[in-house]
Protein chains: 2
Amino acid sequence: MAKRLTQQDIARMAGVSQATVSLVLNNRQDAGVRIAPETRARVLEVIRKTGYVANPIARRLHDHRNRILGVFTYEAVFPSTRADFYQPFLEGIEEQAEEAGCDLLLFTSAKAAGGRRRIFSDDSRIRLADGCVLLGRSLDRDDLAQLLTEGIPFVSIGRRDDAGGPVPHVGADYPAAVRDLVDRAVALGHRRFAYVGAGTGAESSADRLRGFREAVAAHGVEGTHVPFAGLGQLLDAGITAVLAEEVSDGAALVLAARERGLSVPGDLSVLALGAATRPAPRDVDLTGFTIPRREMGRRAVQALTEVLEKGTTPQELLACRFVEGSTLG
Amino acid sequence: MAKRLTQQDIARMAGVSQATVSLVLNNRQDAGVRIAPETRARVLEVIRKTGYVANPIARRLHDHRNRILGVFTYEAVFPSTRADFYQPFLEGIEEQAEEAGCDLLLFTSAKAAGGRRRIFSDDSRIRLADGCVLLGRSLDRDDLAQLLTEGIPFVSIGRRDDAGGPVPHVGADYPAAVRDLVDRAVALGHRRFAYVGAGTGAESSADRLRGFREAVAAHGVEGTHVPFAGLGQLLDAGITAVLAEEVSDGAALVLAARERGLSVPGDLSVLALGAATRPAPRDVDLTGFTIPRREMGRRAVQALTEVLEKGTTPQELLACRFVEGSTLG
DNA sequence: TCAAGATGCTAATTCGAATTATTGCAGGCT
DNA sequence: AGCCTGCAATAATTCGAATTAGCATCTTGA
C-alpha cells in the first residue's frame, strides 16, 4: 500500500522546507510571513498533482478545525425502521454541511455497550470532529453533562433541559404548536379536551403536554391527560377533541371511531402532534402540525458553526407548520 | 473550558514519568517492559481519581490509523428520492464499520461541479479517510484510474471493468443470476426470449445482458435484446418470456398485458432482474432475483479492511437470491 | 566476591502539521 | 567598505501519547 503523503514529501518534491508547505497550504499572509509567488505556485502545483491533504489527526493535535462535523445517534441510522425518523434530519444536516464545506463523520464506532451506543466510551472518538450534532428522541443526561464539562462543541437536535448548564439546541416549538391547535378547536366550540400520549420522559413529550395545559388553562376549558387512548373512555368522559402525541395513535383513534359508526370530526375531533416514532397509516388525513425536521437539521449545523466560531450557546425553537387535515370540526 | 489532563499531569501526580503512565495505561507486559505492582497501582489510582482519558487524537497520530472509512457517492445520499437505492448498501456498510470500530466519513464537501460531486476536485478531501467505499450505478472511469495510480485504498460496490488496472470491488453475480432465470424458463418450455433494458453503459447492465446471451446460446433457444419494451412488438415476435432489467419496466409490462386481457404468466412470462433505479409498483408480484445489497455493503467494508491491511485487490461477486413470484410459468 | 542476569523505570525519539524565532541574502544608502 | 532594511525561507519547537534503547539497582550462582 502506498504510504500516505506528508508535508515533508511535498516539501522534498517542491524543493522547499516542510514549514513552507504548511505556510502555503494555510495561505498565511500575516506580517512576518512571506512566500514568493513562484514558490507558492510551485508548492501548490505539487499539492494539486499529488492530491495531498493534510492528515486531520496531526492537524487536530495542534490547530482546532478539521472541517469535519460529527453526527451522533444512539442507534444505527440506516436500518429502514429508523430511516423514517432520522432521514429528514440528516437531509438537512447533509445539505448544510455541504454548504459549509464540511464532511460528516458518523460515529459508528461508538461501542455498543448493552446494544446502545455511548458517547463516552473507553476511547471516545468524539474529539475527532470539530463539533457534533446529537440526534435522538431522548439524550442521556450524564452524556450531556460530560459534553458540557469537557467543553466539547455540540448542538442537540431537539430542545433539552439543562444538564449541569444550558444545553445548546435547535428544537421545535411544541408548546406554541399545541396551543395553536387548542385555540383553533376552542374557536370551533370544543370545551372538553384530552391529551393522549406519554407527556413525560423526553423533553419533546413534556413540551407538548405543557403547551396543552397552558392552552386549556388560558381558555378555562376542561383538559385531561391519559397516557394511553381508549376510545370508549374518551367518549364516556364527554371529550370532543383529542390531541394525540403520536400520529399513529391519532390515526388509530380515527379508524376506531369510524368503525363504531361515529363521524370524525362530526362526533369527535382528532389532532395529531407530529411525533412519528412508529409508522402510521397514510390514508388518514389528520389535522395537526408537522415538525420542521429538515430545517432543524440545517439550523443545527448552522448553530454548531456558531458554537465553533463564537463559543456561544445557541438555543432556538422553530415553529411547526399547521396541517389542515379533515379531522377537526 | 477546563484544560484537558495529559499523561504528563498524571505522571507528575503519581511521581513517575510519562512513559510509565503510558505503559500502565496500555497494560503492557511484554518482555523488557516491567512495572512494579505498587507503582502500577499508584498510577491507576491517580487515573481513577482524575478520570483521565487518553487523547484519541494523539494516539491516532502515532499508529497511523485514523479509523475513518470514507463513503463516496456522486449525489447526496439522504434525499428520499435516492434513499431507496442507497439505503440497503449503507445499512451494510454501517453495520460492518461498527464491527470494525471505524467511523464513517460522508464526503458531503465534495464540490458539486455541474450538480455532480467529484472525487478529485481542487481540494479533494478523499485522503482524510484511511480508505474509501465508492457507491453508485456507474463510476467515472477517470476517477477510478486516478484512485489506482495514486494508490488510494478503495473498494467499489458493484463490479467494475479494469481502469488502467484491476478495480477492487464487491459486486453481484448478475450473469449467474440471469442464467439461472433463463434455465428455469427453458425448463418450463420457453423457447423465445427477450431482454428488455439498456444492456450497456454501466457494468451491471452489461453483465446481465451477457448472462442472458450465454444462457440462450447454451440452450440453443432464441433470444433478442431491445432497449425499450413495447408489449405489442414482443407479442408479435412470438416472445413468451421477457427479462426486464428494471423492475419497474417488468411491472409495467405485466400491467399492460393484463390490461389487454392477457394472462401473466399464462400468455407471457415476465422476469425482473433486480435493478431499481426508479420506484416500482409494489403490487406486482414479479418472479426474478434480488440483489444482496446489504451484504454487498458489509463485504465491501471487509474488503476495504483487507486492502488496508494486506494491500490486496479483492474482487468478489455475491450471488443474487431467486425470488419466487407469480409471473413465470 | 564478582560477573551475569533480572528488574524497574526513564530519557529520548517518533508521528504530521502549525508556528515562532531566526538566518541568509539582496539591494540601497551613507 | 560598512550598515541597515526588507524580503524569503528555514530550523527548531510544540501538541499528547507510544515506543525503544538504555541506565541504574538488585539478585543470583559459581
Side-chain angles (χ1 to χ4, degrees), chain A residues 3-44 46-47 50 52-68 122-125 127-128 130 150, chain B residues 1-44 46-47 50 52-68 123 125 127-130:
Chain A
K3 197 186 55 134
R4 193 191 178 105
L5 285 171
T6 70
Q7 280 193 352
Q8 195 58 255
D9 298 325
I10 304 296
R12 209 171 300 122
M13 295 182 211
V16 296
S17 71
Q18 175 264 326
T20 304
V21 176
S22 173
L23 294 174
V24 168
L25 207 59
N26 295 50
N27 200 30
R28 292 277 305 271
Q29 314 265 17
D30 319 28
V33 176
R34 276 167 297 252
I35 305 291
E38 49 270 34
T39 306
R40 177 182 301 272
R42 189 151 33 91
V43 172
L44 286 175
V46 174
I47 290 176
T50 56
Y52 166 83
V53 187
N55 182 332
I57 299 296
R59 170 179 252 164
R60 179 73 183 172
L61 195 55
H62 236 267
D63 180 56
H64 288 260
R65 259 332 264 281
N66 269 341
R67 295 206 143 316
I68 291 179
D122 281 345
D123 67 335
S124 170
R125 318 224 311 133
R127 284 176 187 274
L128 281 179
D130 294 334
E150 297 206 2
Chain B
M1 194 189 302
K3 192 171 294 139
R4 200 192 170 95
L5 284 170
T6 70
Q7 282 191 349
Q8 195 57 254
D9 298 326
I10 304 297
R12 211 171 300 123
M13 295 184 211
V16 296
S17 71
Q18 175 263 323
T20 304
V21 176
S22 172
L23 293 174
V24 168
L25 209 59
N26 295 48
N27 201 29
R28 290 278 305 272
Q29 314 265 16
D30 319 27
V33 176
R34 278 168 295 256
I35 305 290
E38 50 269 33
T39 307
R40 179 182 299 272
R42 189 152 33 90
V43 173
L44 285 175
V46 175
I47 290 176
T50 56
Y52 165 82
V53 187
N55 183 337
I57 302 297
R59 193 197 290 249
R60 301 294 167 207
L61 180 60
H62 200 269
D63 45 63
H64 296 187
R65 271 300 287 278
N66 295 349
R67 297 210 150 282
I68 294 178
D123 65 336
R125 318 224 311 139
R127 286 172 189 273
L128 283 177
D130 293 334

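Chain letters run A, B, ... following the sequence lines, proteins first, then strands; residues in each count from 1.
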Report yes if the side chains of L61(A) and I57(A) come closer than 4.5 Å at any heavy-atom pair, otherwise no.
no

Just verifying a value: how many Å separate Y52(A) OH and D9(A) CG, rounded to the nearest 0.5 Å?
9.0 Å

Between A54(A) and T20(B), the residue closer to the 5' end of DNA chain C by nearest nucleotide is T20(B)

Between [X] and [N], does any side-chain N or O lie under 4.0 Å from OP1 or OP2?
X: R59(A); N: dA18(C); value: yes
X: Y52(A); N: dG16(C); value: no
X: N26(B); N: dA18(D); value: yes
X: T39(B); N: dG8(C); value: no
X: S22(A); N: dA17(C); value: no

Could you tell me the separation between the [atom1] atom of [X] and the [atom2] atom of [N], rounded to a whole number of Å?
X: L23(A); N: dT20(C); atom1: CG; atom2: C1'; value: 10 Å
X: Q18(B); N: dG8(C); atom1: CD; atom2: P; value: 20 Å
X: R34(B); N: dT25(D); atom1: CZ; atom2: C1'; value: 13 Å
X: N55(A); N: dG16(D); atom1: CG; atom2: P; value: 17 Å
X: E38(B); N: dT7(C); atom1: CD; atom2: C1'; value: 12 Å
X: Q7(A); N: dA17(C); atom1: CD; atom2: C1'; value: 5 Å
X: L61(B); N: dT14(C); atom1: CG; atom2: C1'; value: 9 Å
X: I47(A); N: dA17(C); atom1: CD1; atom2: C1'; value: 12 Å

Counting heavy atoms from C-beta on, name the nucleotide in dA11(D), dG8(C), dT10(C) closest to the side chain of A19(A).
dA11(D)

Side-chain contact check for R28(A): nearest option of dT19(C), dT10(C), dA18(C) is dT19(C)

Given R59(A) and N26(A), is the side chain to side chain contact (heavy atoms under 4.5 Å, CB included) satisfied, shown in steps?
CA-CA 11 Å; R59(A) 170 179 252 164; N26(A) 295 50; 4.1 Å; yes

Is T6(A) touching bases, backbone alone, or none of the nucleic acid, heavy atoms closer than 4.0 Å?
sugar-phosphate

Over all strands shown, is V16(A) touching base, sugar-phosphate only, or nothing at heavy-atom distances under 4.0 angstrom?
sugar-phosphate

Within the side chain of R42(B), is there an N or O that forms a donor-acceptor pair under 3.5 Å with the backbone of A14(B)?
yes

Distance-only side-chain donor-acceptor flag, Q8(B) / Q18(B), under 3.5 Å:
no

